[in-house]
Amino acid sequence: MTNLLEQLQKEVASVAEQLYATSFDAASIKIDKTPPDFDGEFTVVVFTFVKASRKSPEATANELGAALMAGFSLIKSFNVVKGFLNISFTDDCWLEILSEIHSAENFGQLPSTGKQVVVEYCGPNTNKPLHLGHIRNILLGYSTANILNAAGHSVHKVNILNDRGIAICKSMVAYKRNGNGSTPASIGMKGDHFVGKYYVEYSKIIEAEISALMNDTDISKDAAEKQAPIYLEAQEMLLKWEAGDSEVMALWNMMNSWVYSGFDITYKLIGIDFEKEYKESEFYLNGKKMVLEGLNSGAFFKKEDGSVWVDLASDGLDQKVLLRADGTSVYITQDMGVAEERYRDFTFDESIYVVANEQDYHFKVLKLVLQKLGRKYADGIHHMSYGMVDLPEGKMKSREGTVVDADDLIEGMVSEAMDFLASSEKNAELNETEKQTLAHDIGMSALKYFILKVDPKKRILFNPKESIDLHGNTGPFIQYAYARIRSILRKIDEVKVNIQVSIGTGLMPAEKELIIILSQYPGIVKLAAETYSPAEIGNYLYLLAKKFNSFYADHSILKAESEEKMHLRAVIALHVSLVIKHGLDLLGIHSPEKM
RNA sequence: GGCCCCGUAGCUCAGGGGAUAGAGCAACUGCCUUCUAAGCAGUGGGUCACUGGUUCGAAUCCAGUCGGGGUCACCA
């Protein structure tokens, strides 16, 4: 019963086999949901059978329909339009399905697969605050982890902190020059913004120095950049860092700790968490060891200048450097070390990297390199490649100051939701704190849904001048449907109505439609997990909420025609609300009880 | 230039072999003494970039063309 569609496929296959003495693979039989303009719930596409039947599509469809009716008691009726066999199931069949949903322990949670899955997301640099690009990454990562968990996997959310390298040194150098011992606390600034301020300051200083050099001497801009005093200072600081200079390490630790405390605030605002955070500074040396191991095993080779390379020509890629001539590590070396550690930590079956598609090439290389080192776990590496966020003018560029800051964006959305609350007579009974909480839930919902409803693979266009909607195909729309249902259910609880499904009540089309949509939910969770696509959940929830709202406008639940109808509708509404809540949870969106 | 991704309504997006291509926003009409109007019902809006091919059937698959983006660093 739980999978009506599969059952129907099998029935069709066996009926067709009897009629036409040809065997058909049940799973390959094409059955769609019947489009709204036609009568029925499922549609069998009969073109695949006409060759065997040697009859017209219509005759074949009629023949199959009659045979199905005769042998399959759940079918109420069928009709044929051209090559399409539309099938209706009995009301009792759908009520039975509703009853199954009603008695399910945790509808939408799929049985355990026993698989260990790691999801890495966020991956910030520690020299500046998070921006809109990180927000998409964070939302996709967190939501995908939830979805994989609902699909039965054992999921571990991890972060990777790019905490070393020239970028952080730039902030450090600028701070040393102009910081005057100030701290985030002393000037009342969030730690990541504080450090980011000096990163911006570095750019200003070097630009001044470059133009001074170019005025004094006749050199190119590129050359001037490499001679600028602050650039040389940053380089020197990087070397000192690698040498473990205690003064540099102290500064580095202090500034990074400021950044982390800033990030933590943002993570909390968004409502996400990590089981473990990996710092690249702690693992890049392991990566180096792995490169040397590959050199010894012959997987990699050394060039005359001492640099170490891997040849990926046989895999359709180029040669790739793994270790510089001076022995320092490159980006990929660090990822190798972290991957190894991660396998030690979780012995994962699958390790998912949520990283923008500009790094497609990098992850192909990482996987191949680990495979060449004989790491079996490399087969489980999956790059969840998502499209970047564009502004109307194109890509966000931190140097040109066009980045949309994460904290600003969040604050803007929440205050917009707050404005809406203030302008409405509803929610007047809430106190200021409750209003803030609600505005946060709604504003974040609008932002999260705006990003998550789009297919992860596609790029997103964000126009900072147009605020994100609170109406229509939005997060608040779905939340609203939930809040309306909760309001009704609270009233039912008051009169202690015992909610149960009674088989034998008839079903109106709108009631049946909601049951059908509800029954699809576990399949949607599975699909979202298989395709790594929170958008599947988002689109489904919108459809569900929309159909419920439509139902709500036409039919009263509390004042239904009969007691029996009231129970039935209450059960349907209850499960619409539970699925909405479950689905919104997967997206990291709260479901307010009132709004 | 090589490789990869993307072109669907004015805008933002669904649909990814199946019937007459759908939503939201924006514009315009109606609907709150009835379970929350952040809602519902409706109107207008399309050469699914273009050309060819495969198929009973193509927005969907294949090839090419045009347009947009990414990448091909001893940057991360």
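Residue numbers begin at 1 in each chain, while the letters A, B, ... track the order of the sequences.
Within the 4.0 angstrom heavy-atom criterion, only backbone atoms of the sugar-phosphate kind lie near Tyr542(A); the bases stay farther away. Using a 4.0 Å heavy-atom distance criterion, Ile442(A) is classed as a base contact. Among the atoms of the strands shown, base atoms are found under 4.0 Å from some heavy atom of Phe47(A). Within 4.0 Å of Lys546(A), counting heavy atoms only, lie sugar-phosphate atoms of the nucleic acid but no base atom. In this structure, Asp37(A) reaches the bases: a heavy-atom distance under 4.0 Å links it to at least one base atom across the strands shown. Within 4.0 Å of Asp455(A), counting heavy atoms only, lie sugar-phosphate atoms of the nucleic acid but no base atom. Counting non-hydrogen atoms under 4.0 angstrom, Asn162(A) reaches nothing in the nucleic acid. Using a 4.0 Å heavy-atom cutoff across all strands shown, Leu421(A) reaches at least one base atom of the nucleic acid. Residue-level contact check: Val45(A) touches the bases, meaning some heavy atom is under 4.0 Å from a base atom. Among the protein residues, Glu593(A) comes within range of the nucleic acid bases, having at least one heavy atom under 4.0 Å from a base atom.
When rounded to the nearest whole Å, the span between CE of Met566(A) and P of U34(B) equals 19 Å. Rounding to whole angstrom units, CG of residue Leu527(A) and P of G15(B) are separated by 10 Å. A straight line from CZ of Arg459(A) to P of G69(B) spans 8 Å, rounded to a whole angstrom. Rounded to a whole Å, the CD atom of Glu536(A) is 14 Å from the C1' atom of C13(B). Put simply, CD on Glu563(A) is 19 Å from P on C35(B), counting in whole angstrom units. Across the protein-nucleic acid pair, Gln235(A) atom CD and A76(B) atom P stand 11 Å apart, rounded to whole Å. With rounding to whole Å, Lys559(A) atom NZ is found 14 Å from U36(B) atom C1'. The CG-P distance, from Leu461(A) to G24(B), rounds to 21 Å in whole Å.
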Evaluation steps, salt bridge (charged side-chain N to carboxylate O under 4.0 Å, His left out), between Lys55(A) and Glu63(A): CA-CA 10 Å; Lys55(A) 290 178 182 163; Glu63(A) 205 166 60; 2.3 Å; yes

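Comparing the C1' positions of G1(B) and U20(B) gives a spacing of 46 Å, expressed to the nearest Å. Rounded to the nearest Å, the gap between the P atom of A76(B) and that of A14(B) is 34 Å. The separation of U34(B) from G22(B), taken at their P atoms, amounts to 35 Å, rounded to a whole angstrom. To the nearest whole angstrom, the two C1' atoms, one in C66(B) and one in U51(B), are 11 Å apart. On the P atoms, C61(B) is 39 Å away from C28(B), given to the nearest whole Å. For the C1' atoms, the distance linking G67(B) with C48(B) amounts to 16 Å, nearest Å. Here the separation of U55(B) from G16(B), taken at their P atoms, is 23 Å to the nearest Å. Taking atom C1' in both A38(B) and C25(B), one finds a spacing of 15 Å when rounded to whole Å.
A salt bridge links Arg569(A) to Glu561(A): at least one charged side-chain nitrogen sits closer than 4.0 Å to a carboxylate oxygen. Under 4.0 Å is where a charged nitrogen must lie from a carboxylate oxygen, and between Glu233(A) and Lys170(A) no such pair does. By the 4.0 Å N-to-carboxylate-O rule, Lys33(A) lies too far from Glu41(A) to be salt-bridged with it. A salt bridge links Lys526(A) with Glu530(A); the closest basic N to acidic carboxylate O contact falls under 4.0 Å. For the pair Arg459(A) and Asp390(A), the salt-bridge criterion is met [side-chain N within less than 4.0 Å of a carboxylate O]. Electrostatic pairing of Lys320(A) and Asp318(A) does not count as a salt bridge here, judged by no charged N lying under 4.0 Å from a carboxylate O.
Annotation: Asp32(A), atom CG; neighbour count of heavy atoms from other residues, nucleotides and ligands within 6.0 Å is above 12.
For G16(B), the base has a donor-acceptor partner in the side chain of Lys458(A) [N/O atoms by modelled type, under 3.5 angstrom]. For Asn86(A) and A19(B), a side-chain-to-base donor-acceptor distance below 3.5 Å is present, hydrogens and geometry of angles not being considered. Judged by atom type and distance alone, Thr43(A) reaches the base of A19(B) through a side-chain donor-acceptor pair under 3.5 Å.
Taking a pair as Watson-Crick or G-U with both hydrogen-bonding distances under 3.5 Å, the stems of three or more pairs touching RNA chain B are B:1-7 with B:66-72, B:10-13 with B:22-25, B:27-31 with B:39-43, B:49-53 with B:61-65.
Distances shorter than 4.0 Å separate some side-chain N or O of His471(A) from OP1 or OP2 on G39(B). Dashed line: the shortest gap from a side-chain N or O of Lys82(A) to OP1 or OP2 of U20(B) is under 4.0 Å. Contact between the side-chain N/O atoms of Tyr361(A) and the OP1/OP2 oxygens of U71(B) is not found at any separation under 4.0 Å. The side chain of Lys491(A) contributes an N or O atom lying less than 4.0 Å from OP1 or OP2 of U36(B). Contact check, Lys30(A) against G18(B): a side-chain N or O comes under 4.0 Å of OP1 or OP2. Remark: Ser487(A) is in phosphate contact with U36(B), judged by side-chain N or O atoms under 4.0 Å from OP1 or OP2. Residue Arg484(A) places at least one side-chain N or O under 4.0 Å from the OP1 or OP2 atom of A37(B). For A76(B), one of the phosphate oxygens OP1 or OP2 lies less than 4.0 angstrom from a side-chain nitrogen or oxygen of Arg324(A). Put simply, Lys320(A) has no side-chain N or O that comes within less than 4.0 Å of OP1 or OP2 on A73(B).
Inspection of the Tyr260(A) and Glu277(A) side chains reveals no N or O donor paired with an N or O acceptor under 3.5 Å.
Under a cutoff of 6.0 Å and an axis angle of 45°, Lys302(A) and Trp309(A) do not form a cation-pi pair.
When the nucleotides G18(B), A76(B), A38(B) are ranked by their closest atom to the side chain of Leu470(A), A38(B) comes out on top.
Checked options Phe477(A), Phe420(A), Tyr480(A); the residue passing with His471(A) is Phe420(A) (criterion: side-chain contact (heavy atoms from CB on, under 4.5 Å)).
Taking 90° from 0 as the syn/anti boundary, the base of C32(B) is oriented syn.
Ring-centre distance between Tyr331(A) and His362(A): below the 6.0 Å cut-off.
Mapping Val330(A) and Ile488(A) onto RNA chain B by nearest heavy atom places Ile488(A) at the nucleotide closer to the 5' end. Both Ser550(A) and Pro456(A) lie close to RNA chain B; mapped to their nearest nucleotides by heavy-atom distance, the more 5′-ward contact belongs to Pro456(A).
Phe477(A) does not qualify as a stacking partner of the G39(B) base, lacking a centre-to-centre distance under 5.5 Å together with planes within 30°. The aromatic ring of Phe38(A) sits over the base of A19(B), with ring centres less than 5.5 Å apart and planes tilted by under 30°.
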